[in-house]
There are 2 protein chains.
Amino acid sequence: MTPPPPGRRRSTVHDVARAAGVSRGTVSRVLNGGYVSEHAREAIQTAIREVGYVPNNAARTLVRQRTQAVGFIVHEPHSLFLEDPNIGGILLGANTALSKADYQMVCLVIDTDRDTERVARYLSGGFVDGAVIVSARHHDPITDVVERLGLPVAYVGHPPGIRRPWVGIDNLGAARAITARVRASGRRRIGMIAAALDRDSGSDRLAGFRDALGEDFDESLVEPVPLYAFADGEAGMRRLLERAPDIDAVFGASDAVAAGAVQALRAAGRRVPDDVGVVGFDDSAWAVRTDPPLTTVDQPAEGLGAAAAETVLLQLSGGVADAGGILLDAPIVWRASV
Amino acid sequence: MTPPPPGRRRSTVHDVARAAGVSRGTVSRVLNGGYVSEHAREAIQTAIREVGYVPNNAARTLVRQRTQAVGFIVHEPHSLFLEDPNIGGILLGANTALSKADYQMVCLVIDTDRDTERVARYLSGGFVDGAVIVSARHHDPITDVVERLGLPVAYVGHPPGIRRPWVGIDNLGAARAITARVRASGRRRIGMIAAALDRDSGSDRLAGFRDALGEDFDESLVEPVPLYAFADGEAGMRRLLERAPDIDAVFGASDAVAAGAVQALRAAGRRVPDDVGVVGFDDSAWAVRTDPPLTTVDQPAEGLGAAAAETVLLQLSGGVADAGGILLDAPIVWRASV
DNA sequence: TTGAAAGCGTTACCAG
DNA sequence: CTGGTAACGCTTTCAA
């Protein structure tokens, strides 16, 4: 076992073959499984150790046309990787699933335009057999490359306009469940600050809210706002308070919106949760930064990662993944805000 | 621009050459820069679009013997990726540095033994030109593989026994600085719970403490404990209190130790920070979970990542990186505990 | 400035 | 069961 002096050429199948006194074909067969005599096998295994042989994946990839690696692409502005607790969970879930199938997960993070370019090149270069993509946008370079290559893929979340397999949570069911719990706690005048109604996540959350309230649903207690943002939540809450001063609970379409609502309520002199209960959605960092912390809906991060990975693996093994999407259950996290 | 019907073979340099009526060499030259007539260049660029050509990196890697990719290896028990805020910062810092040099960072997370094996294979397969390794251990399979291949590498942190380049923080300087600040706040009987004196991080932190106190250093106020652990902090604080009931501040060698000390102080009826001030080290999750939150030393995560990446890049460009290690400054985070 | 040809390290096929 | 040979897709001499 002489490790090759650094700087010298790495040894190849050819070297092993020569050292063992066989042909390269035979060496390849012991490496990849196949009929090889016990005698030859032993000689080759010794030779491998002798010359310090390590297979070259680039060469293997070239001939086999696959890498046994799957990309995990995080396409988020810089800060998010640090802040969003979900993203780590998704990553871990995907890694676990891929690992079980003996695939290597390679995580590529996109932070600048330059990164976007490079990752697109990496993807098209055949370094991965498929990809899990977190928070893509329609017609960004990554999505386009993936589309053009026909790369097996699964999106986490449902970027509008993309007709490829994705996994997400059951926004409607979760919204219904959290609304029902608020109601069960005795609140009667429950409003909603409904954000992003132009996306299915937004409209589904509103639909769930309406569903849970049934007969008692009151259109006038719904305040639509454009974005899942703190400022929108604050403004929406102010309008809602003017229109319905007797409101005793509010469902923010996201934690950021709910946090904005808490702020507006406090400014108006209402106590949370004593006067008005507040719930959010996402279980993001906002949820624990507010005072009191928000009751909210937890996104099952590891489950999403695992489901996405499995969707890619399914395609890799020749299966057809449903472009319709997979929905996961999202449990409620009960905190002090209601 | 006809995207190849899915399922059909991807087009190659050969196809481009034929479509443009030139040789493959010429195509390669426009791809990689070199003397090509304007006429040929245009014809080739048109042809590339025409046949939907995308270069194959595996082939390129095979001939060039490099991938233009650097691995970022996180070798931690499952949970840590989710919990440790530093790790995301290190990752981002490394990505930024590599991106500038036009290298692709591929992040590999190791979670199980199976992962370890696979990543070792991935590394030795020539999929990356170098690696940044976070929290390695001596003689784990990754370290061994890296060693054997002579792969350009930089460790974040200083795994004992490893003689390769690494980056870390200036434990001595930071300990000196935080001790000085505690002293400047008017405390006079300052103790230290010194952990892990068998590692250089541990002994450096003690050395910094001693340095800052100078003449006033009092050996009897130092309580050595084996590990950077909560339980050790608690036990150490109890012993310190017995020996020196008039103590008015204590420096825990890590946040976990400091958190244990807070616990012991509270159990002994001392108020923090009114009776006894407490500071820690790391700015880990412990620091904000205690009540009051800990003043501590922040590890400059992004800086560490960037420095590690640059160390790898230096080696990649033929330079020699100092195996002695690079030390970064670690600023103090002032919170309520002192 | 260009074309031809020789690899890069592997696997896969085909006789033997 | 084994050895030879032909790819895999690209870059890089070397002549022309």
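Sequence lines set the chain letters: A, B, ... in the order given, protein chains first and strands last, and positions in each chain run from 1. Quantities reported herein were computed from a predicted structural model and do not represent experimental measurements. Computed from heavy atoms alone, side chains included, the values below leave out hydrogens, waters and symmetry copies.
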Closest approach to the side chain of [X], judged atom by atom: which nucleotide of [options] is it?
X	options	value
A:Val36	D:dC10, C:dA12, D:dT2	D:dT2
A:Ala59	C:dT10, C:dG3, C:dT11	C:dT10
B:Thr26	C:dT10, C:dG3, D:dT11	C:dG3
A:Leu62	C:dT10, D:dT11, D:dC8	D:dC8
A:Tyr35	C:dG9, D:dC1, D:dT2	D:dC1
A:Arg60	C:dT11, D:dG3, D:dT2	C:dT11
B:Leu31	C:dT10, D:dT11, D:dG3	D:dT11

B:Gln65 vs D:dT11: side-chain N/O to OP1/OP2 distance below 4.0 Å: no
Measure from [atom1] on [X] to [atom2] on [N] and round the result to the nearest Å.
X	N	atom1	atom2	result
A:His14	C:dT10	NE2	P	11 Å
A:Asn57	C:dT11	CG	C1'	13 Å
A:Arg24	C:dC8	CZ	P	10 Å
A:Gln68	C:dT10	CD	P	17 Å
A:Arg18	D:dG4	CZ	P	14 Å
B:Ile44	C:dT2	CD1	C1'	10 Å
B:Arg29	C:dT1	CZ	C1'	8 Å
B:Glu38	C:dT1	CD	P	10 Å

Take A:Ser28 and A:Asn32 through the test side chain to side chain donor-acceptor pair (under 3.5 Å) and record every step on the way to the result. CA-CA 6 Å; A:Ser28 180; A:Asn32 301 290; 3.2 Å; yes
Is the backbone of A:Thr311 close enough, under 3.5 Å, to the side chain of A:Gln315 for a donor and an acceptor to pair up by distance? yes
Reckon B:Ala58 touches a base, only the sugar-phosphate, or nothing at all at heavy-atom distances under 4.0 Å? nothing
What contact category does B:Ser37 fall into here, base, sugar-phosphate, or nothing, at under 4.0 angstrom with non-hydrogen atoms?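 B:Ser37: backbone/sugar contact only, no base atoms under 4.0 Å.
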Can you tell me how far apart CD (B:Glu117) and CD1 (B:Ile142) are? Round to the nearest 0.5 Å. 8.5 Å
From B:Ile133 CD1 over to B:His75 NE2, what is the distance, rounded to the nearest 0.5 angstrom? 9.5 Å
Taking the nucleotide of DNA chain D with the nearest heavy atom to each, does A:Ser23 or B:Asn32 sit closer to the 5' end? A:Ser23
Should the pair A:Tyr122 and A:Phe127 be assigned to parallel (<30°), tilted (30 to 60°) or perpendicular (>60°) ring geometry? tilted
Nearest heavy atom decides the nucleotide; on that basis, is A:Tyr53 or B:Ala40 closer to the 5' end of DNA chain C?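 So the residue in question is B:Ala40.
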